[in-house]
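Note that this is a predicted model, so its numbers are computed, not measured. When reading the values below, keep in mind they use all heavy atoms of this one structure, side chains included, and skip hydrogens, waters and symmetry mates.
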Amino acid sequence: MVRITNIKVMGRGPVALFDEEIGPLTLIYSLNEAGKTSIAEALISSLFKPSCFLRTDNFQGGACEITVEGIKEKPMIFTPSSKKKLEDYFRKWDEYLPGSLARLLYVRAAKADFSSGGSSRWEDLRQLLSGEKILDGIERNLPKERKYACVENGIITGQRRARSKRVQKELYPALDEVDKFYEEMQALSSGELKSLQKEAEKKRERLDKLEQARRYEAFRIGRRLEELEKSSRALDSEKVDYISEKVMRLKQLHKSIEDKKAEIGLLEKDLTGFSWLKSAKEIYLREKLKKKKKYLYLPMLFLAVAFAGSAAGIMQIAIISIALTFLSFVYFLINPAELSGSILFELKKDYRERYGEKISITSIDSKIKEYEIKDNKLRELEGQYAADKDEAAGLTEQLNLKFEAAGIEKSDIQSAWKEIKRKHDEIDMEKASALSRLETLDVKPADYVEENPGIKYSYEEEKTLSLEIDSLRQKIGKIKEKMENEKSRLESFLNVSGRGYTQGHLMEMLKEKEDEIISEIKGFTAELAASAVLEEVLGELRDRQRKAVLERLNNPSISRYLKKITSVYSSLGEIGGRIVVFSDENGAPPYYLDNMSTGAKQQVLMALRCTLAAQISPRPMFFILDDAFQYSDWERRPEMVEMSVSLVRQGWQVIYFTMDNHIRDLFLEMGKGIEGGFSFIKL
């Protein structure tokens, strides 16, 4: 009986220290993130190999010791770093006990699958329940090529793998390869190689001459650049820039003088009426003043009339005669300006003709103000005009002095300047072109060639020749490579590479190799024929084993558990390499296990797991169940817990991890009657 008696975990995840004795039935309960999974993973990391599909990660951090009894006389302690794990001892107990038995002993998070592929396959059941490992051992000793090759009319055919690959791909075509070798070597060693080498040499000589021409061209351009530098210095770049600046300024001044002259002319034309308007204002004010003085006679007139009226009453003069005299005098005083030919009348007439409006002191003042603005602008422009003329005269004098110093006629300033500028620009352009060309040639001064090679350098020809020479080199290289490869291939085939054998000696050795090949082919052919016969026998034995597995799967204990837990399914089978379950109901079709719901699949697999482990293992062991019943229906959970308790009564140990309160309560209720004790550990 193999049992876990103590689990000790330190510093793993949230677990600071867990050191507990483990009984026949042990329930470890905790809430989420309390350390339950950390303890379970530490347990698996210590007991089983990393290759076991149950391992989800490597044990990291902390320490762990698992004490196990029943393997040897004394208890053994397993840790994550232990070299030997439980699988190593399984095989010692029974040569054909599968190492994968570990997959039956541990269920994590309701994943009851026991296959390495993460699903429950028929292949895994076949390995666990039958003696096919013996047949597999026999089959492993058969030639592997029997699956891919066969003998037809004395010739081995089929896929090229391992030995059949050697026979089909190497031995059969060996003599053909030798013939091809002779043909290829004869073709490669003909005049083609020499012809290509001669052509490449001729083009190389031409390319060398072009290289000399390129260096000579660089030398010639370098000399020309030196000459241009001297000419450029002679022209004095600063002087040219100074003169250029002054000439441009002079042009601007001439343009400004012309513009201001035209604008002054327009303003002078507009100001022709300014003097008349100022005189008109004086006349208008004077005449208006006279008119106001005449109105001063009205009071005297009224006194005279009053006196005349009194006298008329006394002197009995007619009133009408007095009234007419009075009205004539009033009219004379009030409208004297309206008399034709008066000064004010003519002034009003001229003003209306000039400005299109009636004369008034407001209108006159407005017009005078406009004239004053234009007059001020005219004075300002006249000042600027005079200043520009003075500056232009000064610049002209300066330029005359510069050109006079340079020996240029004063009357031909612009032409002289254009000539200097043209020469300066031509030198700059030629220098830029020469520098660009020199950069394209890419020749250092130290590599210049002063002697003319007799040909003109051409970049296009140099590029074409380089490409042609590269192409010829590639062709020559390929021919040489083929020649060497052909010899190397034959040497490699004969396994004499690097020994310096001649071609004649290699052919003699090839003949000897041919005899060995024929002998090997005959032996392998006989071996394949015998393997085909033996495979037929193994196939018959496997069919018998398959029937035995089905009988074992459907023994009364498994059927009883299956029926009790699921209440629907009573037997298992295999269709197309997949596990199926059958119901007792008439006409009910088989149901693929992989297509079942998580809860139903869990119930079937737990029943299958527990009974298979009891049948396979030569001694009772333990089950580690990490919330294995989590997805079971609440109605089925009691049967699942009862099955666990039943296993304990049969001598098996059950360690159950849970965070489910319902499952905890079921274990607490059913575990009371376990002989030897029921352990409840709460984290």
Can you measure from CZ (Phe667) to CZ (Phe680) and round to the nearest 0.5 angstrom?
11.5 Å
Sub-4.5 Å side-chain heavy-atom contact between Pro24 and Val654
no
Sequence neighbours left out, what passes salt bridge (charged side-chain N to carboxylate O under 4.0 Å, His left out) with Arg637? Give chain and number order.
Asp660
Determine, using ring centers only, whether Trp652 and Phe622 are less than 6.0 Å apart.
no
Sequence neighbours excluded, the answer for salt bridge (charged side-chain N to carboxylate O under 4.0 Å, His left out) partners of Lys672 is Glu669
Residue pair Phe582 / Val580, side-chain heavy-atom distance below 4.5 Å
yes
Between Ile4 and the options Leu47, Thr26, Thr67, the side chain to side chain contact (heavy atoms under 4.5 Å, CB included) test singles out Leu47
Where is the tightest heavy-atom contact between Ser497 and Ser488, given as atom of each residue plus distance?
OG-O, 4.5 Å
Within this structure, what is the CE-OH distance for the pair Met76 and Tyr89, rounded to the nearest 0.5 Å?
3.0 Å
Report yes if some heavy atom in the side chain of Pro638 is under 4.5 Å from a heavy atom in the side chain of Met670; otherwise report no.
yes
Taking the side chain as everything from C-beta on, heavy atoms only, tell me whether Ile7 gets closer than 4.5 Å to Glu20.
no
When you look at Phe629 and Ser644, which way does the side-chain contact (heavy atoms from CB on, under 4.5 Å) test go after all the steps?
CA-CA 11 Å; Phe629 309 151; Ser644 302; 3.3 Å; yes
Please round to the nearest 0.5 Å and tell me the distance separating atom CG of Leu683 and atom CD of Glu33.
12.5 Å
Side-chain contact test, heavy atoms from C-beta onward, threshold under 4.5 Å: evaluate it for Ile71 versus Leu86 and give yes or no.
yes
A cation-pi test, strictly: NZ or CZ of Arg664 under 6.0 Å from the centre of the six-membered ring of Tyr29 and no more than 45 degrees from its axis. Yes or no?
yes
Shortest non-hydrogen contact from Val15 toward Ser38:
CG2-CB, 4.3 Å
Take Lys83 and Asp88 through the salt bridge (Lys or Arg N to Asp or Glu O under 4.0 Å) test and state the conclusion after the steps.
CA-CA 10 Å; Lys83 292 183 178 180; Asp88 298 313; over 6 Å; no
Residues Glu41, Arg12: salt bridge by 4.0 Å N-O rule
yes
Distance col, row Ile681:CD1 vs Ser30:OG, nearest 0.5 angstrom, shows 11.5 Å
Please examine the side chains of Lys8 and Asn6, heavy atoms only from C-beta on, and report whether any two atoms are closer than 4.5 Å.
yes
Inspect the surroundings of CG in Asn495 and state if more than 12 heavy atoms from other residues, nucleotides or ligands are less than 6.0 Å away.
no
Roughly how far, to the nearest 0.5 Å, is CD of Gln653 from OG1 of Thr5?
8.0 Å
CG (Leu31) and NZ (Lys682) are apart, to the nearest 0.5 Å, by 7.0 Å
Side chain to side chain donor-acceptor pair (under 3.5 Å) filter on Thr658, not counting sequence neighbours, yields Asp627
Pair Ile624-Leu43, side-chain contact (heavy atoms from CB on, under 4.5 Å): steps then yes or no
CA-CA 9 Å; Ile624 302 171; Leu43 183 61; 3.4 Å; yes
On a heavy-atom basis, the closest approach of Pro80 and Cys64 is CD-O, 3.7 Å
Tightest non-hydrogen contact, residues Ala42 and Ser46, listed as O-OG, 2.9 Å
Taking it one step at a time, do Asn32 and Met659 satisfy side-chain contact (heavy atoms from CB on, under 4.5 Å)?
CA-CA 7 Å; Asn32 273 331; Met659 63 176 180; 2.9 Å; yes
Ile66 and Val68: side-chain contact (heavy atoms from CB on, under 4.5 Å), yes or no, with the steps?
CA-CA 6 Å; Ile66 310 298; Val68 181; 4.2 Å; yes
Could you check whether any side-chain heavy atom of Ile22 comes within less than 4.5 Å of a side-chain heavy atom of Ile655, counting everything from C-beta outward?
yes
So, do Leu27 and Phe678 sit near enough that their side-chain heavy atoms are less than 4.5 Å apart?
yes
Ignoring hydrogens and geometry beyond distance, is a side-chain donor-acceptor pair present between Asp626 and Tyr656 at under 3.5 Å?
no
Minimum heavy-atom distance Glu491-Tyr501, with the two atoms named:
OE2-O, 4.3 Å
